[in-house]
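Every chain is numbered from 1 and lettered A, B, ... according to where its sequence line falls, protein lines coming before strand lines.
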Amino acid sequence: MSKTINLHLKLSSAQVLTVLAKVPSGRVVSFGDLAYMAGYPGKARWVGTVLSKLPAHTQVPWHRVVNAQGILTCPRADLATKRLISEGVSVRNSRVSMKKHRWSPEQPAGKVADSTED
DNA sequence: GGGATGACAATTT
DNA sequence: AAAATTGCCATCC
């Protein structure tokens, strides 16, 4: 059949940035997780492309984004490391412990998964 | 408009 | 554990 009907409908980078802005200090997320949370599972590469276009003075915590291996793969890895350590994240050789610092969109207590949610 | 590249990931060898 | 393969999307030449 036809191969994906991707018409003029483009992905929303704003959604990714919105989710990223929700990542708390001292935590990190992978590109894939970020893409998944934003509603675009499997499009990790695209997330990388989006972040690569962020301005240098952006307020978005781009330094909290690492790859699935927990490695800081951004061109400012040294800066990201510096920031993460400042937030209490253990960074070793541009690498963080995903098992310990990986952030999940956990709902705050009281807000249980209700089907009536939007 | 095709091919290479990039802040990726899951699977397989 | 590490390298190779394949998939994925936007951007650059």
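- Comparing the P positions of C:dT5 and B:dA4 gives a spacing of 16 Å, expressed to the nearest Å.
- Looking at A:Val96 and A:Leu72, their side chains come closer than 4.5 Å, going by heavy atoms from C-beta outward.
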Could you walk me through whether A:Ser13 and A:Lys53 satisfy the side chain to side chain contact (heavy atoms under 4.5 Å, CB included) test, starting with their C-alpha distance in whole Å, then the side-chain angles of each, then the deciding distance to 0.1 Å, before giving a yes or no? CA-CA 10 Å; A:Ser13 58; A:Lys53 283 153 34 175; over 6 Å; no

Write down the protein N/O and nucleotide N/O pairs, taken from nucleotides 1-4 of chain C, whose separation is under 3.5 Å; answer none if there are no such pairs.
none

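- Judged by distance alone with a 3.5 Å cut-off, no donor-acceptor contact links the side chain of A:Ser52 to the base of B:dG6.
- Against DNA chain B, the stretch residues 71-78 of chain A makes heavy-atom approaches under 4.0 Å through A:Thr73, A:Cys74, A:Pro75.
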Can you give the donor-acceptor pairs under 3.5 Å from side chains of residues 15-24 of chain A to other protein atoms, not counting sequence neighbours?
residue, atom, partner, partner atom, Å
A:Thr18, OG1, A:Ala14, O, 2.8

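- Here the side chain of A:Lys53 is nearest to one of B:dA7, C:dC9, C:dA10, namely C:dA10.
- Between atom CG of residue A:Asp78 and atom OG of residue A:Ser94 there is a gap of 8.0 Å, rounded to the nearest 0.5 Å.
- Rounded to the nearest 0.5 angstrom, A:Leu34 CG and A:Tyr40 OH are separated by 12.0 Å.
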A:Asp33/A:Ser30 under side-chain hydrogen bond (donor to acceptor under 3.5 Å, both in side chains): CA gap, chis, key distance, verdict: CA-CA 5 Å; A:Asp33 288 345; A:Ser30 69; 3.1 Å; yes

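- Taking atom CG of A:Leu17 as the reference point, atom P of B:dA7 lies 17 Å away to the nearest angstrom.
- Contact of the A:Val65 side chain with the A:Phe31 side chain is registered, since non-hydrogen atoms from C-beta on lie closer than 4.5 Å.
- Of the P atoms belonging to C:dT6 and B:dA7, the separation is 23 Å, rounded to the nearest Å.
- With sequence neighbours excluded, the residues satisfying side-chain contact (heavy atoms from CB on, under 4.5 Å) with A:Arg95 are A:Ile71.
- Rounding to the nearest 0.5 Å gives a distance of 6.0 Å between OG of A:Ser104 and CE of A:Met37.
- Taking atom C1' on both B:dT5 and C:dG7, the two are 16 Å apart, rounded to the nearest angstrom.
- Here the C1' atom of nucleotide B:dC8 and the CE atom of A:Met98 are 12 Å apart, to the nearest Å.
- The phosphate of C:dC9 (OP1 or OP2) has a side-chain N or O of A:Lys43 nearer than 4.0 angstrom.
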Could you run down the sub-3.5 Å N/O contacts of the protein with nucleotides 9-13 of chain B?
residue, atom, partner, partner atom, Å
B:dA9, OP1, A:Phe31, N, 3.3
B:dA9, OP1, A:Gly32, N, 3.3
B:dA9, OP1, A:Ala68, N, 3.0
B:dA9, OP2, A:Ala68, N, 2.6

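- Applying the side-chain hydrogen bond (donor to acceptor under 3.5 Å, both in side chains) test to residues at least two apart or on different chains, the pairs with a partner in residues 57-70 of chain A are A:His63-A:Arg83, A:His63-A:Glu87, A:Arg64-A:Glu87.
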Any chance you could lay out the side chain to side chain contact (heavy atoms under 4.5 Å, CB included) test for A:Val66 and A:Met98, step after step, and finish with the verdict? CA-CA 9 Å; A:Val66 299; A:Met98 286 301 275; 3.6 Å; yes

